[in-house]
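Before any comments, here is the structure.
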Amino acid sequence: MLGKDYWNERYLSKETGWDLGEISTPLKSYFDQLENKFQKILIPGSGSGYEAEYLWKLGFNNTYIADVSYAAMEKFKRRVPDFPHKQIIVGDFFELDETFDLIIEQTFFCALNPVLRKDYIDKMYNLLNTGGKLVGLLFNKIFPFEGPPFGGKEGEYESLFKPYFKFRTFETAFNSVQPRSNTELFFIFEKKETL
């Protein structure tokens, strides 16, 4: 299992090839059109937290980040010192016990061993308030190596997520960064009221 020791070592040794060094373009575009700055937002597996930093600077003061890596969270605190420490959660995503209006997916799903995908979806469903949304990016690609990242395909995601979520948007991202061009699916999934 890829636990906190594994991820801390990756950050401490700067082996973070997934780290863009900035917010991903599709999420930036999505955030730029959000209007409700009071909604409670979670970014799990936030890593360096560029998405959280961007939201914070836009005035989304009810944004939370969570990561199992203390090294990633310390890096974030140094870069965004005014972000409330009570909204920085160092710990296991699967042990979170709060609810949110919006959860952002950015390279967290693909970092988890695929055996945890059903658990991830169950947890996302339970973390979201009624009418809440799970929004982000998924790789539409099978990688030629044992992950992380762990890839996947569109049809697989549909069968996993559709029992729990209404698909509002699910399409190839048109504005991915060049190295990920045509390999990312941008999605907006809304929590179903009943299962």
Side-chain angles (χ1 to χ4, degrees), residues 2 4 6-93 95-96 98-112 120 123-124 127-129 132-139 148-149 169 173-181 183-189:
L2 304 172
K4 64 181 177 181
Y6 172 85
W7 292 110
N8 278 324
E9 182 53 37
R10 292 291 297 264
Y11 279 96
L12 291 169
S13 62
K14 299 186 170 128
E15 292 178 46
T16 53
W18 64 86
D19 192 322
L20 297 174
E22 62 186 353
I23 186 172
S24 69
T25 316
L27 289 177
K28 180 181 181 299
S29 296
Y30 176 74
F31 295 161
D32 285 345
Q33 56 82 46
L34 289 177
E35 295 178 356
N36 178 7
K37 295 196 174 176
F38 297 102
Q39 63 187 314
K40 189 175 178 185
I41 302 171
L42 172 68
I43 306 174
S46 58
S48 296
Y50 302 110
E51 286 72 27
E53 180 181 12
Y54 189 78
L55 284 166
W56 179 250
K57 288 179 176 173
L58 286 179
F60 290 86
N61 297 331
N62 208 10
T63 298
Y64 290 70
I65 59 174
D67 203 290
V68 72
S69 168
Y70 75 85
M73 297 293 87
E74 288 303 316
K75 179 181 174 184
F76 177 80
K77 286 178 189 176
R78 286 191 300 273
R79 206 178 67 250
V80 193
D82 59 335
F83 195 93
H85 287 196
K86 68 179 177 56
Q87 292 170 217
I88 299 173
I89 303 162
V90 181
D92 185 342
F93 160 78
E95 293 176 6
L96 290 176
E98 293 193 52
T99 57
F100 301 88
D101 303 307
L102 174 64
I103 302 178
I104 302 301
E105 167 57 49
Q106 167 64 358
T107 68
F108 178 51
F109 181 88
C110 72
L112 295 172
Y120 165 103
K123 188 64 178 179
M124 288 296 186
L127 287 172
L128 283 167
N129 292 320
K133 292 184 177 70
L134 174 61
V135 176
L137 297 159
L138 296 167
F139 280 116
T169 301
F174 67 88
N175 54 352
S176 295
V177 295
Q178 188 53 45
R180 298 180 185 174
S181 181
T183 65
E184 291 184 308
L185 295 165
F186 175 74
F187 67 89
I188 300 173
F189 296 160

Next item on the list: Would you sort out whether Met73 and Ile65 count as a side-chain contact (heavy atoms from CB on, under 4.5 Å), showing the intermediate values?
Entry: CA-CA 9 Å; Met73 297 293 87; Ile65 59 174; 3.8 Å; yes

Check: Please walk me through it: do Asp101 and Asn62 pass side-chain contact (heavy atoms from CB on, under 4.5 Å)?
Finding: CA-CA 10 Å; Asp101 303 307; Asn62 208 10; 5.6 Å; no

Margin query: Before you tell me yes or no, could you show the steps for Phe186 and Leu137 under side-chain contact (heavy atoms from CB on, under 4.5 Å), namely the whole-Å CA-CA distance, both residues' side-chain angles and the distance that decides it to 0.1 Å?
Written below: CA-CA 5 Å; Phe186 175 74; Leu137 297 159; 4.0 Å; yes

Check: Please walk me through it: do Met124 and Phe93 pass side-chain contact (heavy atoms from CB on, under 4.5 Å)?
Finding: CA-CA 10 Å; Met124 288 296 186; Phe93 160 78; 3.8 Å; yes

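Summarising the geometry, atom CD1 belonging to Ile104 is positioned 8.0 Å from atom CG belonging to Leu134; distances are rounded to the nearest 0.5 Å. Going from atom CZ of Phe100 over to atom CD1 of Ile43 covers 10.5 Å, rounded to the nearest 0.5 Å. With rounding to the nearest 0.5 angstrom, the CG atom of Leu42 is 5.0 Å from the CD1 atom of Ile103. Atoms CG and NZ, from Leu55 and Lys28 in turn, are 11.5 Å apart once rounded to the nearest 0.5 Å. To the nearest 0.5 Å, atoms CG (Leu27) and CD (Glu105) are separated by 9.0 Å. Interatomic distance, CD1 of Ile41 versus CG of Asn61, reported as 10.0 Å (0.5 Å rounding).
Between the Glu51 side chain and the Ser24 main chain, a donor and an acceptor come within less than 3.5 Å of each other. No donor-acceptor pair under 3.5 Å is formed between the side chain of Glu184 and the backbone N or O of Val177. Judged by distance alone, with hydrogens and angles left aside, the side-chain atoms of Gln39 form a donor-acceptor pair with the main-chain N or O of Asn36 at under 3.5 Å. Between the side chain of Lys37 and the main chain of Leu58, a donor-acceptor pair closer than 3.5 Å is present.
Nearest heavy atom pair, residue Cys110 against residue Pro148, reads O-CB, 4.2 Å. Nearest heavy atom pair, residue Tyr50 against residue Lys75, reads OH-NZ, 4.0 Å. Across every non-hydrogen atom of Ser69 and Val90, the tightest pair is C-CG1, 4.4 Å. When all heavy atoms are compared, the tightest approach of Pro26 to Ala173 is CG-CB, 4.1 Å. Scanning all heavy atoms of the two residues, the minimum distance from Pro149 to Phe139 falls at CB-CE1, 4.5 Å. Closest of all the heavy-atom pairs between Gly45 and Asp67 is C-OD2, 3.2 Å.
Within the 4.5 Å cutoff, no side-chain heavy atoms of Leu102 are placed close to those of Phe60. At least one side-chain heavy atom of Pro84 sits less than 4.5 Å from a side-chain heavy atom of Trp56.
Ring geometry, Phe31 versus Tyr54: the interplanar angle falls under 30°, so the pair is classed parallel (tilted spans 30 to 60°). In this pair, Phe108 and Tyr120 present their aromatic rings tilted. The plane angle is within the 30 to 60° band.
Within a 6.0 Å sphere centred on CD of Glu35, heavy atoms belonging to other residues, nucleotides or ligands number 12 at most.
Applying the salt bridge (charged side-chain N to carboxylate O under 4.0 Å, His left out) test to pairs two or more places apart or on separate chains, those with a residue in residues 77-87 are Glu53-Arg79, Glu74-Lys77.
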